[in-house]
Participant: 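Got a structure for you, written out below as structure tokens; questions coming shortly.
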Amino acid sequence: MNETQARNFIQEISKYGSVYGLTSISSLMERLGNVHEQLAVIHVAGTNGKGSVCAMIASVLQASGYRTGVYSSPAVFAAEETTAVNGTSISQEEFAQLATKVQAACADMQAEGLPHPTAFEVETAIAFCYFKQKECDYVVLETGLGGEMDATNLIKKPVCSVLTSISMDHMAVLGNSLGEIARAKAGIMKEGCPCVSVVQEPEAAMEVRKAAERIGCRLHIAQEDCIQDFIYDVNGSSFRLEADCFSHKSLHCPLAGEFQKQNLACAVTVFKVLRRLGVSISFESICSGLSSLQLHGRFERIRLQPDFYIDGAHNENAVRLLGRTIQKCFTNRRIIYIIGVLGDKAYKKALKPVLQYAAQIFTITPDNARALDGSDLAEWAAKLHPTVSYEPDIARAAAQAQAAAGADGIVIAFGSLSYLGEIRQAVRKDL
């Protein structure tokens, strides 16, 4: 297959939807030589903060001299960015080459009467093959939406498992309570392998602790007191690291927002655990790695005058923390929202508290099979805010929001990550 055919292959099998469980991906990887078993994996699950924590861990490992692969989804700007080694995404040619190999394995499965793997399973298999091909020293592997039944959970002996903040999300699949969701996420824990978790809500914390005890996994809780003097503005975060195995010194991270304090504490605790396992990580590499990391779509400024930000806050906890960041950073400035969400999210509960900060709101429909129609979102939001309008064209929404903000205002496009790439493209054309 060439590059176009490879992407068409992924698009075609997307019709199979999401099938949770490890049966299909196990059969697929067996035909590909079980290359995933030859990778040293740091496995990351959670509801919020997975992308940030993955980026922090990977950047520091790379700064420490290790060839580091990252598998993190969804893509924001380009499909290839979900799979990268040392910060460079898989090329279209490499993707097509491996997609051809995986397609042949899928055909063998179908010939034996087995179901065709889903798009996520195929892309996960491609990533495993790519990391093996590139001889990665470590792979930072982000789950999809789950944990125990997630296609990435083939990993039997991770170097370390990581649980970021767990909150209510994907209830139709993971469960209707925080405890049920935490139980599903904690399924990435493995016997004899350490796990780092942020400080969770009590109901989630209880399930995480019970899972660790049941499995025989040593649980390390990432206390935020290792991140001292934490401050942030639109240019990023600054803090002093107070950890027994690292020097006490001020550091900078380009990721901004109140939520990054918890993510930083999580990543630093992972570094401490890795050092105890013999991984060479110096304080200098932490400074270098954190200061140089890049992550799209997390309170990211994509233009000036007006300042235009994109953020993937899409559930209650993430939007609440985005609201705190807006309160802190944008006092007395005119704020315009662009909002697009998926229909399976509890968007009403999530969005209601932050609508008050906007002078004007534009709603859009993300290009996603699960998207909530922007006109329905506008109809609901108009009951709570006096100036709401639906714009069917995302590029026009970006242009109208900038005009409404004026040169000194702020535009914040948030919600589903799936439309932020289109927003960025529209804004760049306008520059």
Participant: Distance from S27 atom OG to R31 atom CZ, nearest 0.5 Å?
Facilitator: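 Answer rounded to 0.5 Å: 5.5 Å.
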Participant: Sub-3.5 Å donor-acceptor pair from the side chain of E81 to the main-chain atoms of A78, do we have one?
Facilitator: yes
Participant: Could you check Y309, Y337, Y357 and say which one makes a ring-ring contact (aromatic ring centres under 6.0 Å, His included) with F330?
Facilitator: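 Exactly one candidate clears the test, Y309.
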Participant: Would you call E80 and R7 a salt bridge, using N to O less than 4.0 angstrom?
Facilitator: yes
Participant: Taking ring pair (Phe, Tyr, Trp, His ring centres under 6.0 Å) as the cut-off, I'd like each qualifying pair that reaches into residues 37-73, sequence neighbours left out, listed once.
Facilitator: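 Every ring pair (Phe, Tyr, Trp, His ring centres under 6.0 Å) pair that includes a residue of residues 37-73, provided the two are not neighbours, is Y66-Y138.
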Participant: Can you tell me which residue among L28, T124, I13 is in a side chain to side chain contact (heavy atoms under 4.5 Å, CB included) with P117?
Facilitator: L28
Participant: With heavy-atom distances below 4.5 Å as the criterion, would you say the side chains of F128 and L39 are in contact?
Facilitator: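 A side-chain contact exists here, since the closest heavy-atom pair is under 4.5 Å.
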Participant: Are the charged groups of E316 and K352 less than 4.0 angstrom apart, N to O?
Facilitator: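 No salt bridge links E316 with K352.
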Participant: Is there side-chain contact between I410 and P306, with heavy atoms separated by less than 4.5 Å?
Facilitator: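 Not touching, per the 4.5 Å side-chain cut-off.
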Participant: Do C195 and L163 make a side-chain contact, defined as non-hydrogen atoms from C-beta onward lying under 4.5 Å apart?
Facilitator: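 Sidechains of L163 and C195: in contact.
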Participant: Please give me the minimum heavy-atom distance between A6 and A99, naming the atom from each residue.
Facilitator: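 Smallest interatomic distance, heavy atoms only, reads CB-CB, 3.9 Å.
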Participant: Are any non-hydrogen side-chain atoms of R333 and D307 less than 4.5 angstrom apart?
Facilitator: yes
Participant: Check step by step if side-chain hydrogen bond (donor to acceptor under 3.5 Å, both in side chains) holds for Q97 and T100.
Facilitator: CA-CA 5 Å; Q97 174 197 21; T100 302; over 6 Å; no
Participant: Are the side chain of R303 and the backbone of Q305 linked by a donor-acceptor contact shorter than 3.5 Å?
Facilitator: yes
Participant: Does the side chain of T88 pick up a donor-acceptor pair with the side chain of N86 at under 3.5 Å?
Facilitator: no
Participant: If you compare all heavy atoms of I166 against all heavy atoms of K185, which two are closest, and at what distance to 0.1 Å?
Facilitator: CD1-CB, 4.0 Å
Participant: Is the positively charged end of K328 above the ring of Y232, judged by distance under 6.0 angstrom from the centroid and angle within 45° of the axis?
Facilitator: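 Yes.
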Participant: Let's go through K190 and N153 carefully: what are the C-alpha distance in whole Å and the side-chain angles of both, what is the deciding distance for side-chain hydrogen bond (donor to acceptor under 3.5 Å, both in side chains) to 0.1 Å, and is it a yes or a no?
Facilitator: CA-CA 10 Å; K190 301 297 188 298; N153 204 30; 2.6 Å; yes
Participant: Compute whether any side-chain donor of one residue and acceptor of the other, for S91 and E94, lie under 3.5 angstrom apart.
Facilitator: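 Yes.
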Participant: Looking only at atom types and distance, does a side-chain atom of S64 sit under 3.5 Å from a main-chain N or O of S285, one as donor and one as acceptor?
Facilitator: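 Judged by distance alone, no pair lies under 3.5 Å.
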Participant: So, R298 side chain and H296 main chain: donor-acceptor pair closer than 3.5 Å or not?
Facilitator: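 Confirmed, R298 side chain pairs with H296 backbone.
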Participant: Could you tell me whether the side chain of E300 and the main chain of G297 form a donor-acceptor pair under 3.5 Å?
Facilitator: yes
Participant: Side chains of N48 and T164, heavy atoms from C-beta outward: is any pair under 4.5 Å?
Facilitator: no
Participant: State the CE-OG distance between M29 and S24, to the nearest 0.5 angstrom.
Facilitator: 11.5 Å
Participant: State, with a plain yes or no, whether a side-chain heavy atom of L264 is found less than 4.5 Å away from one of F230.
Facilitator: yes
Participant: Do other residues, nucleotides or ligands put more than 12 heavy atoms under 6.0 Å from E112 CD?
Facilitator: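 Atom CD in E112 is packed in, count exceeds 12.
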Participant: Keeping the roles fixed (side chain from H385, backbone from I361), state whether a donor-acceptor pair exists under 3.5 Å.
Facilitator: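 Not a single qualifying donor-acceptor pair exists.
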Participant: Given 3.5 Å as the limit, does a donor-acceptor pair link the side chain of S416 with the main chain of V341, or not?
Facilitator: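 Side chain of S416 to backbone of V341, a donor-acceptor pair under 3.5 Å: no, none is there.
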Participant: For the residue pair S73 / E142, report whether a side-chain donor-acceptor contact shorter than 3.5 Å exists.
Facilitator: no
Participant: Can a donor-acceptor pair be found, under 3.5 Å and without considering hydrogens, that links the side chain of E123 to the backbone of F120?
Facilitator: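 Side chain of E123 to backbone of F120, a donor-acceptor pair under 3.5 Å: no, none is there.
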Participant: Taking the side chain from S59 and the backbone from G289, do they hold a donor-acceptor pair closer than 3.5 Å?
Facilitator: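 Yes; at least one donor-acceptor contact below 3.5 Å.
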Participant: Less than 4.0 angstrom from a charged side-chain N to a carboxylate O is my criterion; do R67 and E135 meet it?
Facilitator: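 Salt bridge between R67 and E135, a charged N being under 4.0 Å from a carboxylate O: no.
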Participant: With a 4.5 Å limit on heavy-atom distance, are the side chains of L61 and I42 in contact?
Facilitator: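 L61 vs I42: side chains touch.
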Participant: Any idea which heavy atoms bring T47 and S167 closest together, and the distance?
Facilitator: OG1-N, 3.0 Å
Participant: Indicate the atoms forming the closest heavy-atom contact of H314 with G415, along with that distance.
Facilitator: CB-O, 3.6 Å
Participant: Run the numbers on N263 and Q260 for side-chain hydrogen bond (donor to acceptor under 3.5 Å, both in side chains), then give the verdict.
Facilitator: CA-CA 5 Å; N263 294 336; Q260 295 302 348; 3.1 Å; yes
Participant: How many angstroms lie between OG in S282 and CZ in R275, if you round to the nearest 0.5 Å?
Facilitator: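 If we round to the nearest 0.5 Å, S282:OG and R275:CZ are 8.0 Å apart.
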Participant: How close do C106 and H116 get, heavy atom to heavy atom, and via which atoms?
Facilitator: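 Result for this residue pair: CB-NE2, 3.6 Å.
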Participant: I need the minimum non-hydrogen distance between V44 and K50, along with the two atoms involved.
Facilitator: O-CD, 4.0 Å
Participant: Show the numbers, then the answer: is there a side chain to side chain contact (heavy atoms under 4.5 Å, CB included) between F283 and I281?
Facilitator: CA-CA 7 Å; F283 180 73; I281 298 176; over 6 Å; no
Participant: Looking at side-chain heavy atoms only, is the closest gap between S418 and D367 below 4.5 Å?
Facilitator: no
